[in-house]
Each structure stands twice: as C-alpha cells, then as structure tokens.
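Take a look at the structure below.
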Amino acid sequence: MLTGINKIGDLEWEVPIGYVPDMRVPGRFFLSRTLAETLEEGAVRQLANVATLPGIVKHSLAMPDIHWGYGFPIGGVAAFDMTEGVISPGGVGFDINCGVRLITTPLTEADLARRKRELIERLFDAVPTGVGAKSALRVSNKDLSAVMVDGARWAVERGLGTEADLVRCEGEGAMPGADPDAVSAKARQRGVPQLGTLGAGNHFLEVQVAKEIVDPEAAKTFGIAEGQVCFMVHCGSRGLGHQVATDHLRTLEGAVAKYGIRLPDRQLACAPLDSPEGRAYYGGMVCAANYAWANRQVIMHEARKVFAHLFGIDYDEMQLIYDVAHNVAKFERHDVDGVSTEVCVHRKGATRAFGPGAEGVPSEYAAIGQPVIIPGSMGTSSYLLHGTTAAMQKTWGSTCHGAGRVLSRSKAKKEVRGKELRERLAGEGIVVRAHSDTALAEEAPAVYKPSQEVVRVVHEAGLSHIVARLEPLGVIKG
DNA sequence: ATGTAC
C-alpha cells in the first residue's frame, strides 16, 4: 500500500514528485501503521493528482482519515496562491460546509436516566430527518437570499439563538463574498423547504456525555466538565449545496479548456481564482456555506427547546462550545517561507485547527486555540480537541474531520443488519432513532475507520490536541 | 453527501 511513498516522520509520509506525472509539489499525509492497512491506493493517487494543479503551494496534504473521494481525496487539504492558483469544487465536496457543532447542557447522565428514550423521540419529532426532509420553517425566496449572505446570524435575528452563539461559530457563522446570483433557481428551489433539516447518511443529532477530560485547562476554557451531558449536530447545506456544486462543476469543466489547464482527472475541474468562473463558484459556495451555518443554528435551536421543555432547564444553560466547517474553501493568511501570505485553503473532510493566538479564534479561546470537533461514527466516541501552532506550520491550520469510511454503502447493507445493530446499541444503552434500519446499516461503526485511531494520530502528530472524549447516549439519524 | 440516475 505504501510503495513509492517515503516515511518522513513517526506518523508523516511524503508522496514524492513523480508519483504521478506533472506534480508541482510533493504530497504529504499523516497516518499510523494501523490506518495504513486500510489506505486506498486510489486515494493516494488523488492526493498526488491534486499536486498537479496550478498554483498549489508547498504540499498536497491529507489527514489520517484520508479516503477516496470525488477528484480530491476526502481528508484532503490544499492551498493555492492568489495569482496562479485555482479553486475546485472537488476540493470542497458536494456537501458544502458539512460541519459539526457541540452544545453543553447543565444535565448529568443520571438526570436523563429514565427519560432518554423520550428525549430521543422528542428530538426526532422536532428535527426533520431523511433525504427529502422538509422544514417546518416557512422560508421565502427573499429570506433565502438573506440566509445565503448572513448565515447563522439570519437565524439569531429571528430569535432562533443568541448573539453569544455567533461568536462561537467559525467565522461567526458566515463567510464574506456570498453571491446569490451564482446560485441557480434550481438550487434555491431545493434550499427553500430544507432549512432546519438534518438530512441523511452520516449526518446526525447525538446526545452525549463527556466521559473523559484529557486537558482540564482547555476543558475549563471551553466550558465542559466530566459527566456533563452535551449534544452534537452534524449536517451541511442539504440539496442547496449539492446543487451549487453540481451546477458549477459543469461550468468549470468548460473553464478547464478555456484556461489551458491540464488535468490528470476531469473530476479536478477548476478555474483560476481570479477568473469569472472561479469567482462565480466561490460566490455560490459561500452562499451554500452560509446556508449550512443557518441550518445548524436552526437545528440547535429546536433541540434546545426540546431539552428546556423536557427537563425544565433554561435555554441559556445550553451553551454552544463551537461550530466547525469541514468541507469548504477559504481565503486565509498563512506563513509561506517566513512571509504572511494570502492563500485559498481547500479543506475537504478536514477541520480548521487554528492554534493559540491565531486570527479568527474567538478571544475567549485565544490562549488555547480554536475548538476542533470530531464526530465519531454511530455508537462510538466523538472528540473535542483544540488547534495548535504545529497545525499552522504543517497543514495550513488543519486537522482531520472524523472516521473515514472503509466499506461502501452497498457492501454495508449486505454485511450489516440494521435491526441487530439497533438492538446491540440499545444493549449498550444507546438509543437510536431513524426512519429505517437500512439507513442504520449503512452507517454501522464497522464500516468506518476507528475514530479513536484517527484522533490519536492527529494528537500525536501535534495537528490538534485532545481535550475531551464524548460517549453517545442517544442519536437521531436520517 | 444527494429529489441515492440524464
């Protein structure tokens, strides 16, 4: 699996120039021997292919949850310079701004005890789930334009959250540069009825307990303590983001020839950052990213109401720790050979992990670094970490995003029985609520790389440091 | 991930 790849550190590997033709920079990825057993040769080739793109700076990177994706590998990170560089939907993913947020409650596991099943049922009723899920919100086309520009703020201004929530979102829950004109009527049509819906696949809303505090100082700063019940929301931009990606891929496939870009794989369709096509994709992508932040904000609001009603606690006692994007391209300033330089960082299945003092980290967290939230697969631990200076130096301030899939959905359906899985998890005290047992089978823990191993690698490689481990108590899924 | 296929 690692033929032609050089080991350059305990957990660090280099894909040399020449691994595929026309590489401009080497590839680098972070992986343990254990994870190397499931490394796909195709994903490494994709990492190398990304290194052929114009304007790529330093390295084509991948995190330990690397696996095969559309064009770029999932777990991939790549930065492009502002003059020669390109922007590529394949480097972001179809689910633009898929991401995670983590919220604390004042409850303990004992407080939930007999009402856990009821809580999960109420959450399942309050948050629409499933592929075609429709929202209870009535969003007009004009509202949608505002959502695409203002992101999470749109929801907060309508009473679906607090100002404090916004400070605790990456980029305060919105990115600049939204261009609603770069979002097609079809994308709008898909987005209007879906704001505040969870979706399907690996998306979830999970009730968890902070089982283990690894870094007490950081935990205190983030406001989380051992034994505390939390909940986590993992979802993205739904049909709107998917449509934005699909629409712009088509125009960018045309742009590749227009700008004379040679690609080893047409799935790497891209355009210069400073081109009409590249700017249009960026503007549309930002709209979808902002929609996703509003989406997670609305879902958190609905879940807070359920907790407040069921347990008689105050809305404000449920504090957002942070919200991270793990599928997005952003303009950021980073050190390039000792010079602070603006680059376009693509993170596809990778989480920003800015370290202490970095610009963009909320002031209350500045001494620690930003919170990094890594969801586990169903029934396995999730992790709260913090960003590091090493990540700033090695990976454009990036770390992993979770457990990569190792078994396809079709294989999972053949090998796992959803009903048995649900019963087994119930035996472990984990209440699962979904529309179908088939949907559960596709998301069985066995079809994912072990998240604790992925997290161990980023922790030991210094790309982010573990603050707390969270165990699932109950989960709602599509 | 996704009105799970143009």
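In the text below, chain A, chain B and the rest are named by the order of the sequence lines, each starting its count at 1.
Look at NZ on K134(A): it is 14 Å from P on dT2(B), rounded to the nearest Å. With rounding to whole Å, H203(A) atom NE2 is found 16 Å from dT4(B) atom P. Atom CD1 of I96(A) and atom P of dT2(B) are 12 Å apart (whole Å). Distance, E443(A) CD to dT2(B) C1': 13 Å, rounded to whole Å. Counting to the nearest Å, the P atom of dT4(B) and the CZ atom of F94(A) are 14 Å from each other.
Using a 4.0 Å heavy-atom distance criterion, K348(A) is classed as making no nucleic acid contact. Counting non-hydrogen atoms under 4.0 angstrom, G201(A) reaches the backbone sugars and phosphates but no base. Within the 4.0 angstrom heavy-atom criterion, no nucleotide atom of any strand lies near E442(A).
Residues from residues 239-256 of chain A lying near DNA chain B, meaning a heavy-atom separation below 4.0 Å, are G239(A), H242(A) in numerical order.
A donor-acceptor contact closer than 3.5 angstrom is absent between the side chains of R469(A) and Q452(A).
Ring centers of F29(A) and H59(A): at least 6.0 Å apart, outside the cut-off. Taking the six-membered ring for Trp and the full ring otherwise, H234(A) and H326(A) have centroids separated by under 6.0 Å.
A salt bridge does not link K186(A) with D247(A): every distance from a Lys NZ or Arg NE/NH1/NH2 to an Asp or Glu carboxylate oxygen is 4.0 Å or more.
Residues that satisfy the side chain to side chain donor-acceptor pair (under 3.5 Å) test with T129(A), not counting sequence neighbours, are H435(A). For D323(A), the salt bridge (Lys or Arg N to Asp or Glu O under 4.0 Å) partners two or more places apart in sequence, or in a different chain, are R101(A), R296(A).
Of the side-chain N and O atoms in R409(A), none sit less than 4.0 angstrom from OP1 or OP2 of dT4(B).
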